[in-house]
Amino acid sequence: MLSTENKVNLLNLSRSEMESFFTDLGEKGFRAPQVFKWIYQQGVDDFDAMTNLSKNLRAKLKEIAEIRTPKIIMQQCSEEDGTHKWVLQVDSGNHIEMVFIPGQGRGTLCVSSQIGCALACSFCSTAQQGFNRNLTTAEIIGQLWVAGRALGLDPKGQRIISNVVMMGMGEPLLNFDNVVKAMDLMMDDFSYGLSKRRVTLSTAGVVPALDRLQQVSDVSLAVSLHAPNDALRNELVPLNRKYPIKALLLACKRYVGDDRRRVTFEYVMLEGVNDSVQHAFELVKLLKNVPAKVNLIPFNPFPSTQYQCSSQEVINQFRDILMQNDLVTITRKTRGDDIDAACGQLVGKVMDRTKRNKQKAVMTVSGIY
Ligand code: SAH
């Protein structure tokens, strides 16, 4: 059962809200960090397991509160690189996807912020799906909870999820309040305690919301740039017509301020569209006075797309031009390609399972929860 009547889902509460929740019940505020630890650090969703709470309080909590997380309905693991993808059910009709990417000494969870997306970027398969609704704070932080429980601890007892990127489905800045609250929860010492450097919000460039973010948060910033001029970016990222590149770059500078952190600019490599030598030089010029690093993303094709990925040779040439001109550039490896978990492929619906079975991925339909 996903929905329950009128109970407070504790995953929707910030720490101070949870403190008020307990003081309203006549309890001490320190119940909040205690319960935080149970939920987020121990992965508990059963009040009876919270043994440092009195029996009476546990009974009361069962009556009025719940710990309701998204439910895993499918999980896949890439044989190629260990990338995991989960399809999660958030309400009776909606699914989202979440991806875990293991790396050297780190593990990155790619989290969704909306069901679908309203931005209609021409090269992104989530866009095909249109927009359904914003995720709640509980549905966002609940993704970490679900992945943490599914992945467990590594052999040294360390948490496997060391980094979070808000790069799944949706535009996080268009779900501002819930996303900020969920990111604050990720960074809370009594919860996952991630540092601001290890939480990255990726945006297509909602300029006013970026300024608002600067006021209330300090997470790392990634911007989906994808084109070095407005004419081309208008085509690829229609939001650019509202907030053109110049305004976006100024907002990026305001965001980092005097901090020495750089903004990551994502640039998807589309054959014959944005990948020429001239585009590379244009990008160098554009980012000259911006504290930037560039992440070149090989385009991941999907069935109805008009685009193709640039060749490795072209990507390398593009990268070399940027690097020769002092732009720190990383070419992102395509991950989880065999399970459609790569960028832009998070279509958030249960895939045709028969078709899936024919592929290399190992798939298990989970009955854990
Ligand atoms: N709306 C936010 C969050 C999504 S992040 C944003 O635009 O930043 C997902 C990243 O993957 C973005 O940089 C997006 O532009 C990129 N992406 C989308 N579709 C892709 C595709 N088919 N191949 C490669 N990258 C893609």
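Worth saying up front: this structure is predicted, and the values here are computed from it rather than measured. Numbering of ligands and ligand atoms starts at 1, following listing order. Nothing fancy with the numbering, it's 1 onward along the sequence.
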Assert yes or no for the condition that the ring centre distance of His226 to Phe265 is strictly below 6.0 Å.
->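 Judged by ring-centre distance (under 6.0 Å), His226 and Phe265 do not meet the cut-off.
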Any luck finding a side-chain donor-acceptor pair between Ser54 and Asn56 under 3.5 Å?
-> no
Among side-chain atoms of Ser224 and Tyr267, is any donor-acceptor pair under 3.5 angstrom?
->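 On atom types as modelled, these side chains do not qualify, holding no pair under 3.5 Å.
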Option set Pro172, Gly168, Cys309, Ser224, criterion heavy-atom distance to atom 4 (C) of ligand 1, minimum =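 When every heavy atom of Pro172, Gly168, Cys309, Ser224 is considered, Gly168 comes closest to atom 4 (C) of ligand 1.
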Interatomic distance, Met50 atom CE to Asp45 atom CG [nearest 0.5 angstrom] = 8.0 Å
In Å, rounded to the nearest 0.5 Å, how long is the span from CD of Gln312 to CG of Asn316?
-> 4.5 Å
Kindly confirm or rule out an N or O of Val268 lying under 3.5 angstrom from an N or O of ligand 1.
-> no
Looking only at distance, does Arg332 have an N or O less than 3.5 Å from an N or O of ligand 1?
-> no
Non-neighbouring partners of Asp48 that pass side chain to side chain contact (heavy atoms under 4.5 Å, CB included), sequence neighbours left out | Asp46, Arg58, Lys62
By side chain to side chain contact (heavy atoms under 4.5 Å, CB included), which residues pair with Val314, not counting sequence neighbours?
->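 Residues passing side chain to side chain contact (heavy atoms under 4.5 Å, CB included) with Val314: Asp275, Ser310, Ser311.
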Which atoms of ligand 1 are found less than 4.0 Å from any heavy atom of [X]?
X	value
Cys124	18 (C), 19 (N)
Gly170	1 (N), 2 (C), 3 (C), 4 (C)
Glu266	10 (C), 12 (C), 13 (O)
Pro298	24 (C)
Phe123	15 (O), 17 (N), 18 (C), 19 (N), 20 (C), 21 (C), 22 (N)
Ile297	24 (C), 25 (N)
Ala204	6 (C), 7 (O), 8 (O)

Counting only heavy atoms, which portion of Thr203 has something under 4.0 Å from ligand 1: side chain, backbone, both, or neither?
-> backbone
Is there a heavy atom of His226 sitting under 4.0 angstrom from any atom of ligand 1?
->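 A heavy atom of His226 does come that close to ligand 1.
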Among Lys196, Lys181, Arg15, Lys37, which residue meets the salt bridge (charged side-chain N to carboxylate O under 4.0 Å, His left out) test with Asp188?
->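 Filter result, single survivor: Arg15.
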